[in-house]
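Everything below concerns the one structure shown next.
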Amino acid sequence: MNYNIDTLCVQGGYVPGNGDPVQLPITQSTTFRYTSAEDMGKLFDLEASGYFYSRLQNPTNDLVAEKICKLEGGTAAMLTASGQAATFYSVFNIAECGDHVVSCSAIYGGSYNLFANTMRKMGIEFTFVAPECSDEELEAAFRPNTKAVFGETISNPALVILDIERFAKAAHAHGVPLILDNTFATPINCRPFEWGADIVTHSTTKYMDGHAGALGGAIVDSGNFDWMAHADKFPGLTTADPSYHGIIYAEKFGKEGAFITKCTSQLMRDFGSIQAPQNAYYLNLGLESLHVRMRRHCENAQAVAEFLSSNDMVSWVSYCGLPGDRYYERARKYMPNGSCGVVSFGVKGGRKAAEVFMSNLKLAMLETHVADSRTSCLHPASTTHRQMNDEELIAAGVQPDQVRFSCGIESADDIIADIRQALEAAKGA
Ligand SMILES: *Cc1c(COP(=O)(O)O)cnc(C)c1O
């Protein structure tokens, strides 16, 4: 049956059979028994699919990954221990020492650190391009050794809506895939594969889990990118893997399965950033209500953004649901039913006033987290993005006076009343 996305949130992935438990079983086992060495040997050669050690794969995780795969409309997916692991694996699966990646500069601070510092030490170079760069600038960012283009559908915390089709076109013109982090929009509001993205990543820690309960990440493959057509660029997928008896992933698993199979059997085997099956269970519980919660997050954010834009203590508001916002039209194209629950704004009086405002909030919690059922609030310049200098901050679309306000699913009236009294308190600060 071809279910709607709302039904897939509830019933995708695990389907209980006759007499089976209705709720997803947690396979709390590190390893799996086989009765013949031959059967087990086939698993190690990737000749048969099955489980042997939970550092690589676990049945609970795979059922939740299957649900996320269906939500995104992909062909294969895997869970990782965190969003950071998903970002790292998605790039490192196709780029190695001596390679180069083009990344949009408006991305999560953790991804920026990973790319600009840690992966650079591994010998992978990144060129950061502004989301609204000219065609010439985008073109000039590519090199012969470029292996991927990376971006975020809605950037955290700048709330830039990426022109997905434009970045996909540029990537494909250079024979490389577009990898998009779809954490903030979730597949409920945006399905990047429909606009040309090839690989999607998630920090499931955010809306997907939705309750600040479990860290996690996911990678989904659209199955659309033809690795063999660009065989010289992706030797890891198109030539023999000596660690699996000479398997060629793109030949054996095709466009649909090569990327995730390699990522699981090499990177998960060697780095082991697997999600605990217990966390996968919590994630699945969150996914069951993702469609309902996303609607409420967006309604509340719209109400908060409208309130803020008419308040004289607020210097600017960024929310793509506001007519006149610079991303209003683009959001209507890529995410017509809503974007996310996060609103950014500046408090008049700059950094100091923003701090007084934050300290006076009662319902909204000060925390680094974002995108869960509780309303929360953060000052990026002094926390998630503090490793950046002012120039890098502005390039990432973050203002020094910026407050990132993540609307939860409480009553919009209560959230607004809280903001109103905290803004009053910040007057004259
Ligand atoms: C939080 C976040 C990440 C990192 O995810 P973790 O689960 O914290 O490792 C990556 N991308 C975006 C957009 C995020 O918001």
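First listed ligand is number 1; within each ligand, the first listed atom is number 1. Positions are given from 1 along the sequence.
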Partners of Lys255 by side chain to side chain donor-acceptor pair (under 3.5 Å), sequence neighbours excluded?
none
Under a 4.0 Å heavy-atom cut-off, which residues neighbour ligand 1?
Ser82, Gly83, Gln84, Tyr108, Glu152, Asn156, Asp181, Thr183, Phe184, Ser203, Thr205, Lys206, Leu215, Gly216
How are the rings of Phe234 and Phe225 set relative to one another: parallel (under 30°), tilted (30 to 60°) or perpendicular (over 60°)?
perpendicular
Any residue meeting salt bridge (Lys or Arg N to Asp or Glu O under 4.0 Å) with Glu367, in chain and number order, not counting sequence neighbours:
none
Could you verify whether a donor N or O on one side chain and an acceptor N or O on the other, from Asp62 and Tyr51, lie under 3.5 Å apart?
yes
List the residues meeting salt bridge (Lys or Arg N to Asp or Glu O under 4.0 Å) with Asp6, not counting sequence neighbours, and say none if there are none.
Arg295
Between the CE atom in Met358 and the CZ atom in Arg404, the distance rounded to the nearest 0.5 Å is 9.5 Å
